[in-house]
Asker: 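The following block contains the structure, expressed as structure tokens.
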Amino acid sequence: MSAPEQEMAAAMLRPEVLAFEQYSPGLSIDAIKERYHLHQVVKLASNENPLGVSPVVQKVIKRKADLAFRYPQSGNPRLVSALAALHGVNPGCIVVGNGSDEIIDLLVRMRCEPGKHNVVTFRPGFSIYSLQTRFCGAEFREVPRGQALNFPWDALLAAVDENTGLVFITTPDNPTGFTPPVEDLLALCERLPASCLLVIDEAYMDFARPQKRYSLLPHWTPAGAGFQNVVFLRTFSKLYGLAGLRLGYGIMPAWLADYMWRVRLPFSVNILAEEAGLAALADDIFRRASLEVTHAGCDYLTRELQALCCQVNPTQANFLLFRLPLEAKIDAHGAFVKLLEQGVIIRHLKSFGLPNCLRVSVGAEHENKTFVAALRTALEA
Ligand SMILES: *Cc1c(COP(=O)(O)O)cnc(C)c1O
């Protein structure tokens, strides 16, 4: 940006906006192919579904393409009903959004008054919580995790005060994979002040084995004591393989959902995303296949990483956080680069504040094998 443009921005924009830095996306698959002269690139960096998009859903999207000239039905009632049936909750408790990112943004702006409220979560965590909180002009409070990368509940509660509008808990956690037992969440509900919304981001809960050991959702009744202030987030981006269509949802007390529908942009879930979501929910075969490939891949990667003497964090998600062996000749960043050179993209967690950790998404069988072979090469070099 030129100096006059910068001056213009400074004169025109809110200070919260000026404090934002430009988002730096990683190298694209094409850029990596070009830079390292590769034909094949395996991307295990964004926790996407290794099976891609369900063929049934693809067919539905093509068949429904002729609807794209219409506005979607206000309130996406068919999708809301299908989700209510899936979770056994009242349709009035569900709000669908342009990814669960949209629900996160709405929650922050509905609850937090700029300059007054704060938002509390563990560090490192999902970037959208902090971006939307800062954009809103509210204070963002991050509580460091312990060395064991678990959740220090007492420290979290110590950061909460009467101006805490929201607490975000990601479970299974991204990027660590850590997943607390449901008893911990029940205890947290009891200890949090009723004035604070507890948002439980379950983007990866579909992968947990078994869900009922970890998810608070089956225990939840919106009118139940201690649950008046709990919101659950779910997404079609992971298990359902629809990250690019942008579809997620929140499950929350009806009074909150009612107001959320009022402030939400009216057509943020587009007509093809809605049709795709409905088809995906009905597609048991693809869902089962996705779970199978993810669970088998997760077990395979755990075994192979341990065989390479890496330290693997236990996970209930579709990715693994690991550290290289102490005696390795390269560090995490070195391994990340050596994998890139071999056409394998994973995440170095430096930007999450974990410079000696790497995160690999579970891929298809051949992708996982390629990754393990490339890591072995990197460690031997
Ligand atoms: C992937 C992910 C989501 C999903 O976001 P969408 O906007 O639904 O794609 C939400 N929370 C966390 C922690 C995630 O990793």
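Since we're looking at a predicted model, the values are computed, not measured. For ligands, and for the atoms within them, numbers begin at 1 and follow the listed sequence.
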Asker: May I ask you to decide if A159's main-chain N or O and R141's side chain share a donor-acceptor pair within less than 3.5 Å?
Answerer: yes
Asker: Run through ligand 1 for me and note each protein residue having a heavy atom under 4.0 Å from it, chain first, then residue number.
Answerer: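 For ligand 1, the residues that come within the 4.0 Å heavy-atom cutoff are G99, S100, D101, F126, T170, N174, D201, A203, Y204, T235, S237, K238, R246.
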Asker: Could you give all pairs that pass the ring-ring contact (aromatic ring centres under 6.0 Å, His included) test and reach residues 69-118, with sequence neighbours left out?
Answerer: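 Applying ring-ring contact (aromatic ring centres under 6.0 Å, His included) to every pair that reaches into residues 69-118, excluding sequence neighbours, yields Y71-F267, H87-Y249.
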Asker: Is there a donor-acceptor contact under 3.5 Å linking the side chains of T170 and Y129?
Answerer: yes
Asker: Please identify each residue that fulfils side-chain contact (heavy atoms from CB on, under 4.5 Å) with A243, with sequence neighbours left out.
Answerer: S237
Asker: Answer yes if the side chains of N174 and R359 hold a donor-acceptor pair under 3.5 Å, and no otherwise.
Answerer: yes
Asker: The criterion is side chain to side chain donor-acceptor pair (under 3.5 Å); which residues satisfy it with R347, sequence neighbours excluded?
Answerer: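 Here no residue qualifies.
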